[in-house]
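Since we're looking at a predicted model, the values are computed, not measured. Here is the naming used below: chain letters follow the sequence lines, and residue numbers restart at 1 for every chain.
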Number of protein chains: 2
Amino acid sequence: MSAQQKHFEQHLSYALAAAHRTVSNSLSERLKKHGMKIEAWRVMECLDAGDRLTMGQLAEQALVNPSTLSKLVDRMVLDGLVHRKVAEGDHRQVNLLLTSLGRARMIRIRQEVDEQDQTLTSLLDADSLRQLRDVLSKLC
Amino acid sequence: MSAQQKHFEQHLSYALAAAHRTVSNSLSERLKKHGMKIEAWRVMECLDAGDRLTMGQLAEQALVNPSTLSKLVDRMVLDGLVHRKVAEGDHRQVNLLLTSLGRARMIRIRQEVDEQDQTLTSLLDADSLRQLRDVLSKLC
DNA sequence: TGAAATTACTTTCCAAGTCAAATAAATTGA
DNA sequence: TCAATTTATTTGACTTGGAAAGTAATTTCA
């Protein structure tokens, strides 16, 4: 154990960062054609999946900080992709809703993302893939 | 196949982003005590591992864009952690070198990072861990 | 009830990142 | 040889991100 000199590239955090970087670079390259950022796409998918999400829930699910989300949403509202609505029960909360333009954009982009996901998963056999998902989820 | 409605959280890119986010958040929390950013730490480890790295090689290994690296290095030079040296053979290239202060800081930080890596890897059994590394490296 | 504490979100201010252009050195080939 | 091209890095204009403060609504409990 004391003899084991660990190279920093072997740290899990490095391996993760490297894989994340290549994958998200290639994805954002694809999304660029649609003038869309990965985070904005994730926001839209979250909205499509779960109804009446608050900014807080959204930030968590879309993997962005609340204040970052707030500004991202400002831009998305300007682009007509989403709109804010004060929540019925609790007026502190804001529900974000997809516009029909937003939904349409999302559907088109979803194809692009599915393509990239298939390219990616084709690098692995079904077994590794399942295991990878399992293991990654344990880290969260 | 057509019946399979895939939730976006199942995309590999999402699982990776989520895991990367939690891991790097917890790591940067630890590094904060040392007034250090993950990227700066990676730069120092790269320098320690491979000698006479150029900015280009460094950017690749430390997982940052060249222009981002250039500015990060400006700050690290101000902090006395590294210094630039025009490469001997090719005067366009710049070799970045650790100062002794930089090396000392790196060693102390390395302990912190090793700790976090152990916490992390203890969540997994040895087999999953090996497989995880294998699979992640296939994605790069 | 209502003042104090908590919660949800946004804004502000500053640090850091990105893209494209600029600089400068090396290489190519007419 | 030397003008044109390529390569390595930095710079500059602009955008984005994050921490902490600010705002406003809700909850707590004396």
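Contacts between residues 33-60 of chain A and DNA chain C, defined by a heavy-atom separation below 4.0 Å, involve A:T54, A:M55, A:G56, listed by number. Near DNA chain C, meaning a heavy atom under 4.0 Å away, the residues from residues 65-79 of chain B are B:N65, B:S67, B:T68, B:K71, B:R75. Looking at residues 84-98 of chain A, you'll see A:R84, A:R92, A:Q93, A:V94 sit with a heavy atom under 4.0 Å from some atom of DNA chain C.
Note on residues 17-37 of chain B: pairs passing ring-ring contact (aromatic ring centres under 6.0 Å, His included), not counting sequence neighbours, are A:H20-B:H20.
For DNA chain C, the contact window with chain B, defined by any atom under 4.0 Å from a protein heavy atom, covers C:dA16 to C:dA26 in 5' to 3' order.
If you take CD on B:Q116 and CD on B:Q118, they are separated by 10.5 Å, rounding to the nearest 0.5 Å. The structure places CG of B:L96 at 5.0 Å from CG of B:L47, a figure rounded to the nearest 0.5 Å.
Closest heavy-atom contact between A:H83 and A:T99: CD2-CG2, 3.8 Å.
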With salt bridge (charged side-chain N to carboxylate O under 4.0 Å, His left out) as the criterion, how do B:R42 and B:E45 come out once you've worked through the C-alpha distance, each side chain's angles and the decisive distance to 0.1 Å? CA-CA 5 Å; B:R42 281 205 299 252; B:E45 287 286 351; over 6 Å; no
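In this structure, the side chains of B:L132 and A:L12 come closer than 4.5 Å at one or more pairs of heavy atoms.
Linking ILVMFWY side-chain heavy atoms closer than 4.5 Å, directly or via other members, places B:M55 and B:L97 in two distinct hydrophobic clusters.
Scored by the side chain to side chain contact (heavy atoms under 4.5 Å, CB included) test, B:D48 finds B:L98, B:R103, B:M106, B:R110 as partners (sequence neighbours excluded).
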